[in-house]
Chemist: 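Would you mind keeping the following structure in view while I ask a few things?
One-based numbering, in listed order, for ligands and for the atoms of each. What you see is a predicted model, and the numbers here were worked out from it, not measured in a lab. FYI, the numbering just counts along the sequence from 1.
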Amino acid sequence: MKLGIIGLGVIGREFVAAIDRLPGVTLTAVCDASPARLEEYAGQQIATYTSHTDLISARDCEAVIVALPNHVHGPVVSDLLGAGLHVCCEKPLTLDPAEAAELVRKAEEHGVLLRTAFHRRFNRNLLSLRDDIATRDAAVRSVKVRYHEDIREHTGGEDWYLDRDRCGGGCIVDNGPNALDMARVVVGELTLRDVTLGDVRKGMEHYAVLDLEGGAGEEVRVELDWAFTAGEAKDIEVTLTDGSVLSADMLEGFTEFKSSLAHEYVGIVDDFVSGVADDTAHPDQLALVRIVHDALERGRRKHVRLRMPSKLPVRTSVVRLLFHETVRRGMLLAHAGSACIRAGDIHELVVTREDTDVAGARIDHVAYLGFIEFLDPAMLTRGDTFWIGDRKLGVFAGYDESHLPNHLNLILSADRLVTAEDIDLRPQDVIIVREGPQREFRESADPGAWTNQAPQR
Ligand SMILES: NC(=O)c1ccc[n+]([C@@H]2O[C@H](COP(=O)([O-])OP(=O)(O)OC[C@H]3O[C@@H](n4cnc5c(N)ncnc54)[C@H](O)[C@@H]3O)[C@@H](O)[C@H]2O)c1
């Protein structure tokens, strides 16, 4: 089979080496917008082009590998398919599910194969893990994939990776497809349940945690890190229903940087070429495009960001201690989950073990810690934590307004009810409020519950 490659950067070179190692496949054309990247092919039996349209017109290959920056995948692949060429495109095929669906449609219309290059599915350690699981009596209960690297070590000096317009996003776009595909090898098609992004620099996500479900309801967690400074970690851990834990490290046995890619890219090209020869039906190109797209949409809308504090710790000082507990206090959690407090303001601090997750919840059983003066201005949010030294007093659940305009009752949710005397609190002790993961209220079953009912005293 005569193959062409468009894009001769870091990964294009992996494809060149893979083609070299496979019998029955010949590299007949290469294309790169940078003439310098074509120089080493001068004088060989390989045609060179600086434009993919010239490669198409020359008709010296029947199938083409696309190893270009992400933002040009869609238009170039579309031109190739339209010209009746089989295409194997690097991930992500595109970022827009509608555009990806159009490419799949075009491949069908022209009777050619379209594949996305997911290299980890050919990793020998992952394949042995899959085979090992198949021999077990127990089913898979959960899967955890880690894909951790320092992106600066992987870009080959190219700046498009760190440009949202050209890469499309950070680690979810770049590493997400391969990491998700690793989980797919074990549990089949995935459904996205939740995603949290973090460590966003100039709009590019450097950290992400995705929670998904496998084909048979298996729990799947994929953790992506683009700012991992301790080398690389690319592995998968599988827990079976009998409690046994199996794992595979994609890099084990490959001591040189990126050396696992050689056998994985041979796998991609071999699979692509056999797919063309056997007229294999298109595997689902779209599933991971949709998941990456949805993960970005959901994650970018969320309030929470991982590894990114949005405020400094706030100091407060105890001005009066309280030592009592009540069982029918009837506080009402205001349905706002945050409170802005000026430096110098004084508020009351109470602790409860009751359910504080419902908007407007009534809180009866409380223990009193005392009154605190805010030494710094504060924007308290549900989920913030209150600390005295290294002891956590509780998690800020909201406030009750029954003592306004005098003060707010700040309600902490805790495992144990404590008063000032239980923890040996003293006047002028410093209590620190630290940012925590923000918590949304659950919908109240009874909407009347958070109207302005007078609290029962
Ligand atoms: N680098 C990796 O480790 C790695 C791993 C897996 C997948 N990928 C994927 O492979 C693709 C390429 O990544 P890379 O790291 O090789 O990028 P790269 O920047 O190293 O190489 C891209 C090449 O494409 C050329 N180019 C850009 N626009 C062009 C155009 N319109 N026409 C022709 N040539 C053009 C550039 O001159 C460059 O040589 C990306 O989609 C990436 O997600 C990369």
Side-chain angles (χ1 to χ4, degrees), residues 4-18 29-41 47-58 64-80 87-95 100 103 115-123 147-182 204 224 226 232 234 250-251 254 256-269 272 285 288-289 292:
I5 300 182
I6 307 181
L8 294 169
V10 173
I11 229 59
R13 286 193 285 272
E14 294 292 340
F15 278 109
V16 173
V30 289
C31 166
D32 198 293
S34 156
R37 295 247 154 118
L38 297 169
E39 274 168 16
E40 62 185 283
Y41 298 92
T48 58
Y49 306 96
T50 50
S51 149
H52 77 278
T53 50
D54 290 345
L55 177 143
I56 290 172
S57 314
V64 179
I65 283 157
V66 175
L68 293 170
N70 299 348
H71 68 300
V72 274
H73 288 181
V76 172
V77 170
S78 178
D79 289 348
L80 293 165
V87 177
C88 174
C89 179
E90 262 301 343
K91 56 74 206 168
L93 177 59
T94 68
L95 289 181
L103 294 177
R115 278 275 161 88
T116 306
F118 296 116
H119 62 95
R120 292 302 181 197
R121 63 173 37 237
F122 301 102
N123 180 282
Y147 221 90
H148 294 184
E149 66 187 23
D150 181 344
I151 182 57
R152 293 166 305 177
E153 292 175 357
H154 290 259
T155 59
E158 304 292 340
D159 60 355
W160 67 265
Y161 277 97
L162 297 170
D163 173 3
R164 187 149 143 179
D165 289 340
R166 287 183 287 166
C167 193
C171 57
I172 288 204
V173 170
D174 181 39
N175 296 329
N178 278 320
L180 291 160
D181 191 52
M182 280 164 62
M204 301 294 279
L224 307 168
W226 244 22
E232 283 185 273
K234 288 167 182 174
M250 300 306 100
L251 308 179
F254 302 99
E256 300 289 311
F257 183 54
K258 284 186 175 292
S259 59
S260 71
L261 295 184
H263 83 294
E264 295 165 0
Y265 276 81
V266 167
I268 292 176
V269 177
F272 174 51
Q285 309 286 325
L288 293 191
V289 173
V292 168

Chemist: Looking at Arg166 and Tyr161, would you say the former's side chain and the latter's main chain have a donor-acceptor pair under 3.5 Å?
Modeler: no
Chemist: Does Thr53 offer a backbone N or O that forms a donor-acceptor pair with the side chain of Ser57 under 3.5 Å?
Modeler: yes
Chemist: Spell out, as yes or no, whether a donor-acceptor pair under 3.5 Å connects the side chain of Asp32 to the backbone of Leu8.
Modeler: yes
Chemist: Are His119 and Tyr265 an aromatic pair by the rule of ring centers under 6.0 Å?
Modeler: yes
Chemist: Output yes when a side-chain donor or acceptor of Lys234 lies under 3.5 Å from a complementary backbone atom of His148, and no otherwise.
Modeler: no
Chemist: Could you pull out every protein residue that has a heavy atom closer than 4.0 Å to ligand 1, ordered by chain and then number?
Modeler: Gly7, Leu8, Gly9, Val10, Ile11, Asp32, Ala33, Ser34, Arg37, Ala67, Leu68, Pro69, Asn70, His73, Glu90, Lys91, His119, His154, Glu158, Trp160, Tyr161, Asp174, Lys258, Tyr265
Chemist: Answer with yes or no whether the side chains of His154 and Lys258 bring together a donor and an acceptor at under 3.5 Å.
Modeler: yes
